**Student:** 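Mind having a look at this structure? Questions to follow.
Because the structure is a prediction, the values reported are computed rather than measured. Atoms within each ligand, like the ligands themselves, are counted from 1 in listed order.
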Amino acid sequence: MKIFSGTANLTLAQHIAQKLNLSLSSVEIHVFPDGEKRVRVNESVVEQDCIVVQPTAPPVDSNYMELFFLIDSLKRSGARSITAVIPYLGYQRQDHIFRDGEAVSLAVVIHMLETAGVTNIITFDLHSIKIPEFFTIPLTHLSALSLFAETIKEHGWDAPSTSVLVSPDMGGIRRIKILSELLHEMPIASIEKNRDLSTGDVRVDAIHGDLAKRAIIVDDMISSGKTIAIAVDALKEKGVEEVVVFATHAVFSDEAPDLLQKSGVLHVFVTDTIFVPKDKHFAKLKMLSISNTVAREVSKDK
Ligand code: R5P
């Protein structure tokens, strides 16, 4: 087995390789002055099972192009199989037509991945459970929820009388129900949120369910941080004393770290599906790693 990395999250790829007792294989990724990339695999992959690690987080298009070229170069170099570990799948929120005339961008990028020659995909906490149906090749949909459950237990936050799991929108209820099962049926609550599509601003319309002293908000991703900021405010207004947040994907716009640090949250736990540069770290941020989960998955059947 050989493992390669694009430039999107080299640290994660190194951690996965370490767990597999492998070193990252050599690949050359050259960027021309006009922005085009040239990708070349620097070692023999003939009849090898190859893994490519590349989350398609911002810069989304550039990371996707790099991934397509990595897959193509491995295929042309004779790889037996190509597993793309795409811990964060870019364009996943554009999975259907919201308004007449729109492209289904997710369907387009999936078509391009499959055409490039990928044989399997491993990804994490997709926005919608319908997304795997878009693929015609095997897709393994993993989750950070068990990692969240372990962390909640380690901190002693799993006492059902003092904590409640909160989904910051109605779409996330399935997620907190799964986590609740891992935490001895911890009670759940949900927020009814609405977003102004022109400004991106969000508002809380209602909170459903009983609250507790501590609220544990669980989300698939944090982008602008607005969803979390308004959820924390709304929960505190209702008398919740402590709020902690768990989100799989730290998409983090430029403003998100400051907004989250200034919010009333105690800690924000995210995973390394997306590389978070040092200038986006903030005191309340805690990083968890998915590298063990990926290493376990790719070691299966080997
Ligand atoms: C929405 O449906 C998602 O689950 C996240 O809550 C949302 O994408 C977070 O976005 P933001 O941080 O920009 O509010």
**Student:** Scan the side chains in residues 173-184 for donor-acceptor partners under 3.5 Å anywhere in the protein, sequence neighbours excluded, and list what turns up.
**Tutor:**
{"unit_1": "S180", "atom_1": "OG", "unit_2": "M186", "atom_2": "N", "d": "3.3"}
{"unit_1": "S180", "atom_1": "OG", "unit_2": "M186", "atom_2": "O", "d": "2.7"}

**Student:** Show me, pair by pair, the donor-acceptor contacts under 3.5 angstrom made by side chains of residues 191-201, not counting sequence neighbours?
**Tutor:**
{"unit_1": "E192", "atom_1": "OE1", "unit_2": "H208", "atom_2": "NE2", "d": "2.6"}
{"unit_1": "K193", "atom_1": "NZ", "unit_2": "D169", "atom_2": "OD2", "d": "3.4"}
{"unit_1": "K193", "atom_1": "NZ", "unit_2": "T227", "atom_2": "OG1", "d": "3.0"}
{"unit_1": "N194", "atom_1": "ND2", "unit_2": "D205", "atom_2": "OD2", "d": "2.5"}
{"unit_1": "R195", "atom_1": "NH1", "unit_2": "G200", "atom_2": "O", "d": "3.0"}
{"unit_1": "R195", "atom_1": "NH2", "unit_2": "T227", "atom_2": "OG1", "d": "3.3"}
{"unit_1": "D196", "atom_1": "OD1", "unit_2": "S198", "atom_2": "N", "d": "2.9"}
{"unit_1": "D196", "atom_1": "OD1", "unit_2": "S198", "atom_2": "OG", "d": "2.7"}
{"unit_1": "D196", "atom_1": "OD1", "unit_2": "T199", "atom_2": "N", "d": "3.4"}
{"unit_1": "T199", "atom_1": "OG1", "unit_2": "D201", "atom_2": "N", "d": "3.1"}
{"unit_1": "D201", "atom_1": "OD1", "unit_2": "K226", "atom_2": "NZ", "d": "3.0"}

**Student:** Would you please write out the protein residues whose heavy atoms approach any atom of ligand 1 to under 4.0 angstrom, listed by chain and number?
**Tutor:** R93, H127, D169, K193, R195, D219, D220, M221, I222, S223, S224, G225, K226, T227
**Student:** Would you say the ring centroid of F269 lies under 6.0 angstrom from that of H155?
**Tutor:** yes
**Student:** Any donor and acceptor pair, going by atom type alone, linking the side chain of Q92 with main-chain N or O of I131 inside 3.5 Å?
**Tutor:** no
**Student:** Listing request: all ring pair (Phe, Tyr, Trp, His ring centres under 6.0 Å) pairs with a residue in residues 93-134, at least two apart in sequence or in separate chains.
**Tutor:** H96-F98
**Student:** How about L260 and F252: do any of their side-chain heavy atoms sit closer than 4.5 Å?
**Tutor:** yes
